[in-house]
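A short write-up of the structure that comes next.
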Amino acid sequence: MATHPIELDERLTLVETEKGTEYIRHTYALPVTIEDGCWIGGGTIILPGVTIEQGSVIGAGSVVSKSIPVNSLAVGNPCKVIRKINIPCNHD
């Protein structure tokens, strides 16, 4: 997923070309990783560099800006873990 630096002088570089002065835009890619068994609700936005670990569920419309740990239910903007899920019960 594409992203860019925040600071203007890192994001754009002024250069001289045959056509005059132009800006070069600096962008780069960071992976988004969604591990096995995840469920991502509709309209969710996942930002570059985020990992959603195995078995997690993301609520619809969430904005995931940080990685989500294994077996978590996470919702909101910004997306936050509200509880653990998929934890085996002992029914002895």
Side-chain angles (χ1 to χ4, degrees):
M1 186 168 283
T3 189
H4 56 79
I6 300 299
E7 297 296 325
L8 180 61
D9 61 344
E10 294 174 18
R11 197 170 61 239
L12 296 173
T13 303
L14 193 60
V15 295
E16 293 293 327
T17 69
E18 294 175 5
K19 297 179 182 180
T21 303
E22 295 182 11
Y23 281 104
I24 294 178
R25 292 169 188 86
H26 299 281
T27 60
Y28 53 94
L30 292 174
V32 168
T33 304
I34 300 172
E35 295 182 350
D36 291 340
C38 292
W39 188 274
I40 310 296
T44 295
I45 297 170
I46 303 171
L47 298 183
V50 166
T51 296
I52 300 174
E53 294 186 13
Q54 184 176 352
S56 291
V57 173
I58 308 299
S62 295
V63 177
V64 187
S65 58
K66 295 183 179 178
S67 293
I68 304 298
V70 66
N71 293 323
S72 296
L73 173 60
V75 300
N77 179 6
C79 190
K80 295 184 188 229
V81 174
I82 58 172
R83 68 180 175 98
K84 295 302 259 178
I85 58 174
N86 305 326
I87 298 173
C89 296
N90 256 344
H91 296 287
D92 293 335

- Query: Where do Thr33 and Val50 land on the side chain to side chain contact (heavy atoms under 4.5 Å, CB included) test, with the steps shown first?
  - Reply: CA-CA 6 Å; Thr33 304; Val50 166; over 6 Å; no
Show the nearest heavy-atom pair for residues [X] and [Y], with the distance to one decimal.
| X | Y | answer |
| --- | --- | --- |
| His4 | Thr27 | CB-CG2, 4.3 Å |
| Ser65 | Pro78 | OG-CB, 4.1 Å |
| Gln54 | Val70 | O-CG2, 3.0 Å |
| Arg11 | Pro5 | CD-O, 3.3 Å |
| Val75 | Ser62 | CA-OG, 3.3 Å |
| Ile40 | Ile52 | CD1-CD1, 3.7 Å |

Is [Y] close to [X] at the side-chain level, that is, under 4.5 Å between some pair of heavy atoms?
| X | Y | result |
| --- | --- | --- |
| Glu35 | Thr51 | yes |
| Glu53 | Ser72 | no |
| Leu30 | Leu47 | no |

Determine, using the 4.5 Å side-chain heavy-atom cutoff (strictly less than), whether [X] and [Y] are members of one ILVMFWY cluster.
| X | Y | result |
| --- | --- | --- |
| Ile24 | Leu14 | no |
| Val32 | Ile58 | yes |
| Val57 | Ile34 | no |

* To do: Taking atom NZ of Lys80 as the centre, report whether more than 12 heavy atoms of other residues, nucleotides or ligands fall under 6.0 Å from it.
  =>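 No, the 6.0 Å shell around NZ holds no more than 12 heavy atoms from other groups.
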Atom OH of residue position Tyr28 - does it have more than 12 heavy atoms of other residues, nucleotides or ligands inside 6.0 Å?
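Enclosed.
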May I ask you to decide if Lys19's main-chain N or O and Thr17's side chain share a donor-acceptor pair within less than 3.5 Å?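 Flag set: sc Thr17 to bb Lys19 pair under 3.5 Å.
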### Query
Distance-only, no hydrogens or angles: does the Thr13 side chain make a donor-acceptor pair with backbone N or O of Arg25 under 3.5 Å?
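Here the side-chain-to-backbone pair does not exist.
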Run through Val81, Leu73, Ile68, Asn86 and flag the one making a side-chain contact (heavy atoms from CB on, under 4.5 Å) with Ser56.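 Per the side-chain contact (heavy atoms from CB on, under 4.5 Å) rule, the option paired with Ser56 is Ile68, out of Val81, Leu73, Ile68, Asn86.
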